[in-house]
Amino acid sequence: MAKVILRNVYKKYEPSRGGITAVSDFNLSIEDKEFLVLLGPSGCGKTTTLRMIAGLEDITAGEVYIGDKLVNDVQPKDRDIAMVFQNYALYPHMTVFDNMAFGLKLRRTPKDEIQKRVHEASRVLEIEHLLDRKPKALSGGQQQRVALGRAIVREPKVFLMDEPLSNLDAKLRGQMRVELIKLHQRLHTTIVFVTHDQVEAMTMGTRIVCMKLGFIQQVDIPQVMYENPVNMYVAGFIGTPQMNFIDGTIVEDGKDVYLTFGNSKIKLPENRAAKIIGHGYEGNDIVIGMRPEHLHDEQMYIDSMPDAVVEANVEVVELMGPEALVYCIIEGTNMIARVKPRTKARPGDNIKIAVETGRIHIFDKETENVLFND
């Protein structure tokens with residue numbers, strides 16, 4: 001296995017004409033045996049970055065290392081990587097065994113070694129009983145396992161995966177997430193995984209790289225990125241349902257700090273107020289970020305947090321089984337609260353919502369960067 005390093009990497013299409021910059025000043029060190037996820041919406045540059053590591057896209061500027069070797073001018077077949085594509089890219093006329101063995105045959109690997117590697121990979125992926133079938137006789141999940149198996153038998157330094165689960169239904173996608181995590185734990189291999197699905201990123205990655213318009217926004221372990229996003233973009237992209245945002249203002253009153261929005265006012269706890277007082281934020285326009293799970297309609301929260309209670313008008317209540325989502329309007333802004341399933345809130349109700357002020361996020365309205373993190 002190997003470490004992957006990208007230094008000041010750029011990708012421009014048609015640079016002679018000014019061009020479109022797909023990836024800008026990309027700097028990243030991917031550790032050996034790490035499961036790193038490139039996360040972002042379509043067009044953010046994550047697949048282009050993956051293809052530059054693979055050698056399928058030329059690098060406009062910068063350096064890419066696999067292990068200790070500079071690979072800018074190394075052909076894809078000589079980079080010792082294996083790629084798993086979104087559409088699986090299986091040969092329809094070949095059996096599962098031949099699909100998995102094809103790359104080894106091209107490398108003139110001895111037949112007994114091919115047999116050994118294919119059967120070992122198929123055992124790990126639990127597809128031994130499918131080796132004589134052709135792709136058209138397989139389900140989507142089985143085809144995905146074959147595509148993974150074809151990569152595994154090559155025993156590469158790095159696995160590159162480009163949204164490999166996106167064609168699967170929701171249930172199978174969840175199952176395959178677990179299988180990929182177990183596979184990574186079993187093989188102890190370096191994996192670079194591209195996805196636009198933040199659930200996949202949060203559950204699978206040892207670290208996440210959140211991207212926007214070709215730039216890295218934040219690199220961190222999943223829980224830290226969730227709890228301490230560096231800006232509104234990351235805060236809104238990570239989390240389901242996404243974070244609520246509402247415009248507000250900071251008001252200082254002695255040692256107390258309040259966040260005001262519309263006719264509502266909530267008081268920050270002392271430890272957070274200390275990070276505001278004396279730093280020139282008084283009167284600043286801000287954006288307050290509140291995750292749905294930090295808004296409560298239970299009376300115990302309302303009674304215990306009198307300085308953090310706001311009025312809300314309920315529009316829709318979705319009962320989800322273990323929880324309920326309350327879609328409401330607070331000071332003219334659409335918000336979502338994730339509450340206990342036995343909520344008494346019903347459409348049309350005016351209710352009180354208690355805000356966990358120790359868990360909210362405060363962003364500069366102009367820069368959209370977080371004012372401070374805990």
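Worth knowing before you read on, the calculation uses all heavy atoms, side chains too, and leaves out hydrogens, waters and symmetry mates. Here the structure is a predicted model, which is why all the values come from computation and not from measurement.
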| message | Any side-chain to backbone donor/acceptor pair from Thr203 onto Val199? Under 3.5 Å, distance only. | response | yes
| remark: Sequence neighbours excluded, the answer for side-chain hydrogen bond (donor to acceptor under 3.5 Å, both in side chains) partners of Lys69 is none
| query | Checking Arg150 side chain against Ala89 main chain: does a donor-acceptor pair fall under 3.5 Å? | reply | yes
| message | Assess the residue pair Val234 and Met225 against the criterion (side chain to side chain contact (heavy atoms under 4.5 Å, CB included)); give the C-alpha distance rounded to whole Å, side-chain angles, the decisive distance to 0.1 Å, and a yes or no. | response | CA-CA 8 Å; Val234 176; Met225 188 172 287; 3.6 Å; yes
| message | Cation-pi check for Tyr10 against Lys12: NZ or CZ below 6.0 Å from the six-membered ring centre and within 45 degrees of the axis, yes or no? | response | no
| query | Do side-chain atoms of Asp32 reach the backbone of Ala2 as a donor and acceptor pair under 3.5 angstrom? | reply | yes
| message | Contact between Val251 and Val257 at the side-chain level, heavy atoms closer than 4.5 Å - yes or no? | response | no
| said: Measuring only between side-chain heavy atoms, which start at C-beta, is Met100 closer than 4.5 Å to Ile127? | reply: yes
| said: Has Asn72 got a side-chain atom pairing as donor or acceptor with Gly62's backbone, closer than 3.5 angstrom? | reply: yes
| query | Near Asn271 CG, under 6.0 Å, is it more than 12 heavy atoms from other residues, nucleotides or ligands? | reply | yes
| Result of checking Asp285, Asn284, Ile286 against Lys365 for side-chain contact (heavy atoms from CB on, under 4.5 Å) | Asp285
| said: Run Thr195 and Glu200 through side chain to side chain donor-acceptor pair (under 3.5 Å) and show every step you take. | reply: CA-CA 7 Å; Thr195 183; Glu200 287 180 10; 2.8 Å; yes
| Sub-4.5 Å side-chain heavy-atom contact between Leu36 and Val209 | yes
| For the side chain of Arg272 and the backbone of Thr357, is there at least one donor-acceptor N/O pair under 3.5 Å apart? | yes
| task | Identify which one of His93, Met94, Lys134 satisfies the side-chain contact (heavy atoms from CB on, under 4.5 Å) criterion when paired with Asn99. | result | Met94
| message | Could you check whether atom CG of Asn263 has more than 12 heavy atoms from other residues, nucleotides or ligands sitting under 6.0 Å from it? | response | no
| task | Determine, using the 4.5 Å side-chain heavy-atom cutoff (strictly less than), whether Val124 and Val146 are members of one ILVMFWY cluster. | result | yes
| query | Do the side chains of Met290 and Phe245 join up, straight or via other hydrophobic residues, at under 4.5 Å, putting them in one cluster? | reply | no
| request: Please identify each residue that fulfils side-chain hydrogen bond (donor to acceptor under 3.5 Å, both in side chains) with Ser304, with sequence neighbours left out. | output: none
| task | Flag yes if Val230 and Ile238 sit in one hydrophobic cluster, no otherwise; membership is Ile, Leu, Val, Met, Phe, Trp, Tyr, and two members link when side-chain heavy atoms are under 4.5 Å apart. | result | yes
| Residue pair Asn244 / Arg291, side-chain heavy-atom distance below 4.5 Å | no
| Do you know which two heavy atoms are closest between Pro269 and Gly358, and how far apart they sit? | CG-CA, 4.0 Å
| query | Between Pro156 and Ala82, what is the shortest heavy-atom contact and its length? | reply | CG-CB, 3.5 Å
| field | Side-chain heavy-atom pair Leu138, Val96 within 4.5 angstrom cut-off | value | yes
| field | Contact check, side chains of Leu125 and Ile152, non-hydrogen atoms, under 4.5 Å | value | yes
| said: Can you give me the closest heavy-atom contact between Lys255 and Ala273, atom names plus distance? | reply: O-CB, 4.0 Å
| request: Would you check, one step at a time, whether the test side chain to side chain donor-acceptor pair (under 3.5 Å) holds for His196 with Glu163? | output: CA-CA 8 Å; His196 64 272; Glu163 303 208 39; 2.7 Å; yes
| message | Do Phe237 and Phe215 land in one hydrophobic cluster if side-chain heavy atoms of ILVMFWY residues count as linked below 4.5 Å? | response | no
| Between the side chains of Asp364 and Asn369, is a donor N or O closer than 3.5 angstrom to an acceptor N or O? | no
| said: I'd like to know if the side chain of His294 and the backbone of Pro292 have a donor-acceptor N/O pair within less than 3.5 Å. | reply: no
| request: Provide the closest heavy-atom pair for Pro341 versus Leu319 in the form atom of the first, atom of the second, distance. | output: O-CD2, 3.9 Å
| request: Flag the pair Lys267 and Asp256 as a salt bridge only when some basic side-chain nitrogen lies within less than 4.0 angstrom of an acidic carboxylate oxygen. | output: yes
| task | Check the pair Thr47, Asp162 against side chain to side chain donor-acceptor pair (under 3.5 Å), reporting the backbone distance first and the verdict last. | result | CA-CA 7 Å; Thr47 293; Asp162 187 11; 3.1 Å; yes
| Checking Gln142 side chain against Ser139 main chain: does a donor-acceptor pair fall under 3.5 Å? | yes
| query | Under a 4.0 Å N-O cut-off, is there an ion pair linking Arg117 with Glu120? | reply | no
| field | Basic-acidic side-chain contact under 4.0 Å: Asp98, Lys105 | value | yes
| Donor-acceptor under 3.5 Å (Arg79 side chain, Ile53 main chain) | yes
| field | Where at least one partner belongs to residues 227-243, residue pairs that pass side-chain hydrogen bond (donor to acceptor under 3.5 Å, both in side chains), sequence neighbours excluded | value | Gln198-Thr240, Gln217-Asn231, Gln223-Glu227
| Is it true that the side chains of Glu57 and Thr48 contain a donor and an acceptor less than 3.5 Å apart? | no
| task | Determine the interplanar angle of the Phe35 and His184 rings, folded into 0 to 90°, and report it as parallel if under 30°, tilted if 30 to 60°, perpendicular if over 60°. | result | perpendicular
| Is there a donor-acceptor contact under 3.5 Å from the side chain of Gln143 to the main chain of Gly140? | no
| task | Decide yes or no for Leu28 and Val219: does some side-chain heavy atom of the first lie under 4.5 Å from some side-chain heavy atom of the second? | result | yes
| field | N/O donor-acceptor pair under 3.5 Å between Thr190 side chain and Lys33 backbone | value | yes
| said: Go through it in stages, so that I can follow the logic: the residues are Tyr65 and Glu63, the test is side chain to side chain donor-acceptor pair (under 3.5 Å), and I'd like the CA-CA distance, side-chain angles, deciding distance and then a yes or no. | reply: CA-CA 7 Å; Tyr65 293 84; Glu63 299 174 332; 3.1 Å; yes
| query | Is the shortest side-chain N to carboxylate O distance from Arg338 to Glu323 below 4.0 Å? | reply | yes
| request: State yes or no: do Val194 and Ile59 share one hydrophobic cluster built from I, L, V, M, F, W and Y residues joined by side-chain heavy-atom distances below 4.5 Å, directly or via other members? | output: yes
| message | What I'd like to find out is whether the side chain of Ile329 reaches to under 4.5 Å of the side chain of Val314, using heavy atoms alone. | response | no
